[in-house]
Amino acid sequence: METVIPIVDGDCRLLEQFLTQGEANRLLDELLENAAWQQPEITLYGRKVKSPRLAAWYGDPQAVYRYSGLVNRPSPWLSSLLELRYRLEAFIGCRFNSVLMNQYRDGADSMGWHADDEPELGPDPVIASVSLGSSRHFLMKHRKHRAEPSVKLSLHHGSLLIMGGTTQQHWKHSISKTKSAVGKRINLTYRLIRGDELGAK
Ligand SMILES: O=C(O)CCC(=O)C(=O)O
Ligand SMILES: [Mn+2]
């Protein structure tokens with residue numbers, strides 16, 4: 001069943017049981033075991049620090065991110081991630097060419113407030129976010145209208161959150177730390193990186 005999240009200036013939909021529990025269990029085990037997890041460095045107040053989570057990135061060879069003059073290439077698809085890509089493309093009716101995965105190892109891992117608004121994603125990207133493992137509290141707040149109620153979604157094992165329309169222009173999202181005992185939590189965000197337009201620059 002699809003739930004439309006009631007927000008202004010965006011289009012968010014949640015499918016609590018996109019994957020069966022068996023499918024979600026298998027994918028979680030496989031990714032914990034086989035994905036190329038790394039702990040990237042981020043710049044915080046001018047200092048380089050390890051990010052508070054692990055990340056892995058898979059995609060088509062042309063799905064490259066460029067920043068600071070560096071070309072960052074994705075790892076070639078794992079077959080399980082490619083299968084899920086095709087399923088999401090058929091279900092949502094749009095194209096993806098990469099998946100960014102985050103692993104929150106325990107309650108101390110997190111992700112700060114941001115929007116998925118990198119130029120490589122183009123205007124109004126569709127982001128398909130699949131959750132595995134322990135539930136995560138996904139928070140959203142409107143960028144300008146403080147009066148808009150913030151949103152707190154509980155994203156469970158096997159669920160799919162689709163963020164589309166103007167969501168990234170108008171809303172930020174984050175995963176906060178938690179003091180409760182939580183197991184590993186994984187998030188897969190399927191994205192379309194518009195390499196063609198970039199190549200033309
Ligand atoms: O874990 C989440 O749901 C958030 C992930 C996220 O925002 C991102 O990868 O850009
Ligand atoms: Mn994001």
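Order of appearance sets the numbers: ligands from 1, and atoms from 1 within every ligand. Both backbone and side-chain heavy atoms feed into the values below; hydrogens, waters and symmetry mates do not. Here the structure is a predicted model, which is why all the values come from computation and not from measurement.
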Could you tell me how the ring of Trp57 sits relative to the ring of Tyr65: parallel (under 30°), tilted (30 to 60°) or perpendicular (over 60°)? tilted
Nearest neighbour in protein (non-hydrogen) for atom 5 (C) of ligand 1: Asn187 OD1, 3.1 Å
Check ligand 1 against Ile175 and write out every atom of the ligand that is under 4.0 Å from a heavy-atom position of the residue. 1 (O), 2 (C), 3 (O), 4 (C)
Taking the basic N atoms (NZ, or NE/NH1/NH2) and the acidic carboxylate oxygens, is any pair closer than 4.0 Å for Asp109 and Lys184? no
Does a sphere of radius 6.0 Å around CD in Gln17 hold more than 12 heavy atoms from other residues, nucleotides or ligands, not counting ones at 6.0 Å or beyond? no
Per residue Asp116, nearest N, O or S atom to the Mn ion (ligand 2) is named OD1
How is the N/O/S atom of His114 that comes nearest to the Mn ion (ligand 2) named? NE2
Out of all atoms in ligand 1, which are within 4.0 Å of some heavy atom of Tyr104? Include the element for each. 1 (O), 2 (C), 4 (C), 5 (C)
NZ/NE/NH1/NH2 to OD/OE distance under 4.0 Å, Arg87 and Glu23: yes
Would you please determine whether Arg191 falls within less than 4.0 Å of ligand 1 on a heavy-atom basis? yes
Provide the number and element of each atom of ligand 1 under 4.0 Å from a heavy atom of Thr189. 9 (O)
Strictly below 4.0 Å, N to O, side chains only: are Arg95 and Asp60 in salt-bridge contact? no
Evaluate the ring planes of Phe91 and Phe18, with Trp represented by its six-membered ring, and classify them as parallel (under 30°), tilted (30 to 60°) or perpendicular (over 60°). perpendicular
For ligand 1, which atoms sit closer than 4.0 Å to a heavy atom of His173? 7 (O)
Judged by non-hydrogen atoms, does His114 sit under 4.0 Å from ligand 1? yes
